[in-house]
Number of protein chains: 2
Amino acid sequence: MQAPKLSIKPTNCHDCRMSTLCLPLAMEYGDLDRLDKVIQRTKPLHKNQSVFYAGDAFSSVYAIRSGSIKAYCVSDDGTEQVTGFYLPGEIFGWDGIADDTHKNTAVALETTAVCEIPFNKFEELSASIPTLQRHFMQLMAREITSDQQLITLLGKNSAEERIASLLLSISGRLGRRKLSPTRFRLPMSRADIGNYLGLTVETVSRVFSRFQASGYIKCDKKEVEILNLSGLSNLVQTCAEA
Amino acid sequence: MQAPKLSIKPTNCHDCRMSTLCLPLAMEYGDLDRLDKVIQRTKPLHKNQSVFYAGDAFSSVYAIRSGSIKAYCVSDDGTEQVTGFYLPGEIFGWDGIADDTHKNTAVALETTAVCEIPFNKFEELSASIPTLQRHFMQLMAREITSDQQLITLLGKNSAEERIASLLLSISGRLGRRKLSPTRFRLPMSRADIGNYLGLTVETVSRVFSRFQASGYIKCDKKEVEILNLSGLSNLVQTCAEA
DNA sequence: ACAGAGAATTGATCTACATCATGGAGATGA
DNA sequence: TCATCTCCATGATGTAGATCAATTCTCTGT
């Protein structure tokens, strides 16, 4: 099966300017043409297609225009570990910078359009735009911060706290992109959520049911509506929200 | 109590050149004098002294000359989460790059000497040494990789696997610095280990006892000798070793 | 339209680890 | 020197979530 051909305008990637990386740049420099040379819009991926595989040579990072991405790595015995979910406007793919080899596989959870940012061109550009480099580091640092929050979550928190935290994280990230923070479709399966949060599918499912029974959320499969945001927040204890 | 005044030679920080950041630079550029302008040796810290606190403004990253550092963040309800241990030659402190504020508190686990690398000077320098910037990103990326390994560990692995993994990590890191990888002193308490690995002190203690009974290690309090390295390795399943 | 695979929910049972509790061994300080 | 404190070890008990199992629901492809 080929990816369904979505109609792509042959213009440059304006949506990507909304991404964490590009928006501040565009605002600071108003120098969109230079950015356009660096950022390439690629063909949309359909569900389960990979952007890159663990072990692939690292050459680019990616910004999500629409859809969503799951990143996971595979251990020796073949078990997968989901390391992150990425939503529209977010950047992924730096897991390869350390030694030019991707540690994760990145796969589309649904039909997804990404922009590719070739890293070498990016480096050239950042030599002439000094704060670009800083922006980039900030984004990496944000990844570190969010990983460390996940570590806290996994080390200390109960199943309910972990799931509440994930729902709030997604809610907040969608809200930041001007998407509805209270009604959304979870792009990932219960199994992915469980894998990510160190829980089994059954536990995830039970917690969703309990949350629904307690009136925190209303949910039908992947469609979720948060009914009691502050109630959910009270369940969670995190290292100072990012 | 004041920190005991250790005798410090007023020379520049040569030990730091052994650090992950400086060694490759020194080798590539042989331009040690420029580095010396950037890197500052600071007074040794004694046990429990902090390098920086969560909430402090971010201005520098730090390389460890000798001793060891524990990084932890504090959640709303006051509980601590250890996010990392840093050994000689390693760099810490970038948790502040995201928004110029440290997320973690860094505290000395024993008498510890660090070198301070002011970040603004570093940025200036990296403008004229293009690959310096890349080195730095690689170090951050390594932090991301190691955080993600910890996530896998916390999400999937048993108490024994977690502790075996920590012992092997420390062993490997010491080995890389030409220190004994099989006989060392754990600088952190059982409580710190438990906190870091999402276990209780009691469980940590029991696992150490079991490892000793099984002949994997010999240990007296913090002194550890690894007797069966490959045996320990077999206990662990990780995402492709870094 | 139907067959088969995968996704989700719910119940019953089991277990690894947390929790509670106690005692000892080393440090630190009056 | 003794009192206090922190760290570590180990035993007894409880529990959250894993595991095993069964059912329904929803996609996918022919």
Side-chain angles (χ1 to χ4, degrees), chain A residues 1-4 46-49 70 79-82 107 109-111 153-167 185-214 217-224 235, chain B residues 1-2 4 46-48 70 79-82 107 109-111 153-167 185-214 217-224 235:
Chain A
M1 255 303 167
Q2 274 295 88
H46 62 258
K47 189 174 172 175
N48 293 328
Q49 263 192 320
K70 166 179 86 169
T79 58
E80 293 180 7
Q81 169 67 45
V82 174
V107 60
L109 288 167
E110 59 196 313
T111 303
L153 206 62
L154 294 180
K156 297 235 181 322
N157 297 44
S158 69
E160 297 202 350
E161 290 168 322
R162 294 182 203 190
I163 291 177
S165 176
L166 177 65
L167 288 172
R185 184 185 150 80
L186 290 173
M188 69 297 279
S189 70
R190 301 282 191 269
D192 284 334
I193 294 176
N195 186 308
Y196 179 64
L197 296 176
L199 301 169
T200 57
V201 205
E202 294 94 324
T203 302
V204 175
S205 187
R206 278 183 247 269
V207 170
F208 271 94
S209 301
R210 247 180 288 159
F211 279 177
Q212 179 145 264
S214 314
I217 62 173
K218 193 156 89 66
C219 88
D220 174 44
K221 301 272 161 186
K222 305 197 165 178
E223 291 305 327
V224 173
L235 289 180
Chain B
M1 256 299 165
Q2 275 294 89
H46 62 258
K47 189 175 173 175
N48 293 329
K70 165 179 87 170
T79 58
E80 293 181 6
Q81 169 67 46
V82 174
V107 61
L109 288 166
E110 58 196 313
T111 303
L153 208 62
L154 293 180
K156 297 234 180 325
N157 297 47
S158 68
E160 296 201 350
E161 290 168 323
R162 295 182 204 189
I163 290 177
S165 177
L166 177 65
L167 288 173
R185 185 185 149 81
L186 290 172
M188 70 296 278
S189 70
R190 300 283 191 267
D192 284 333
I193 293 176
N195 186 308
Y196 179 64
L197 296 176
L199 301 169
T200 56
V201 206
E202 294 95 326
T203 301
V204 175
S205 186
R206 276 185 248 270
V207 171
F208 270 95
S209 300
R210 247 180 289 158
F211 279 177
Q212 180 145 276
S214 314
I217 63 173
K218 194 157 88 66
C219 87
D220 175 45
K221 301 270 163 188
K222 306 198 166 178
E223 291 305 328
V224 173
L235 290 180

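Protein chains get the first letters and strands the later ones, always in sequence-line order, with residue 1 at the start of each. On a predicted model such as this, the values are computed, not experimentally measured, just so you know.
The separation between F211(B) atom CZ and dT10(D) atom P is 15 Å, rounded to whole Å. Atom P of nucleotide dG29(D) and atom CG of N48(A) are separated by 11 Å, given to the nearest angstrom. In this structure, the CG atom of L197(A) is 19 Å from the P atom of dA16(D), given to the nearest Å. Between the CG atom of L154(B) and the C1' atom of dA16(C) there is a distance of 16 Å, given to the nearest Å. As rounded to whole Å, 18 Å separates atom P of dA27(C) from atom NE2 of H46(B). If you measure from atom CZ of R185(B) to atom P of dG26(C), you get 14 Å, rounded to the nearest angstrom. Computed from coordinates, the F208(A) CZ to dT10(C) P distance equals 13 Å when rounded to whole Å. Whole-Å rounding puts the E161(B) CD to dA18(D) P distance at 15 Å.
Looking at R162(A), its side chain has no donor and acceptor atom pair within 3.5 Å of the base of dG17(D). On a pure distance criterion of 3.5 Å, a polar donor-acceptor pair joins the side chain of E202(A) and the base of dC20(D). Under 3.5 Å, the side chain of R210(A) and the base of dT10(C) form no donor-acceptor pair of N or O atoms.
Listed for the Q212(B) side chain is a donor-acceptor partner under 3.5 Å among the backbone atoms of C219(B). A donor-acceptor pair under 3.5 Å links the side-chain atoms of R190(A) to the main chain of K221(A), judged by distance alone. For S214(B) (side chain) and R210(B) (main-chain N/O), a donor-acceptor pair under 3.5 Å exists by modelled atom type.
Ranking dT19(C), dG11(C), dA18(D) by closeness to the T200(A) side chain, first place goes to dA18(D). You'll find that the side chain of K222(B) is closest to dC7(D), out of dC7(D), dT26(D), dT19(C). Listed candidates were dA9(D), dT19(C), dT9(C). Nearest to the side chain of S209(A) is dT9(C). Checking dG17(D), dA8(C), dC17(C) against the side-chain heavy atoms of R190(A) singles out dA8(C) as nearest. When distances are taken from the side chain of S189(A) to each of dA8(C), dG17(D), dA18(C), the shortest belongs to dA8(C).
Here the side chains of L199(B) and I163(B) are in contact, with some heavy-atom distance below 4.5 Å. With a 4.5 Å cut-off on side-chain heavy atoms, I193(A) and F208(A) count as touching.
Each of D220(A) and A159(A) was assigned the nucleotide of DNA chain D with the nearest heavy atom; the assignment lying further toward the 5' end belongs to A159(A).
Here S205(A) does not reach the OP1 or OP2 of dA8(C): none of its side-chain N or O atoms lies under 4.0 Å away. Close to dC17(C), at under 4.0 Å from its OP1 or OP2, lies no side-chain N or O of T203(B). Look at S158(B) and you won't find any side-chain N or O under 4.0 angstrom from OP1 or OP2 of dA16(C).
The minimum heavy-atom distance between E80(A) and K70(A), with the atom names listed, is OE1-NZ, 4.3 Å.
G194(B) comes within contact range of no nucleotide atom at all, as no heavy-atom separation falls under 4.0 Å.
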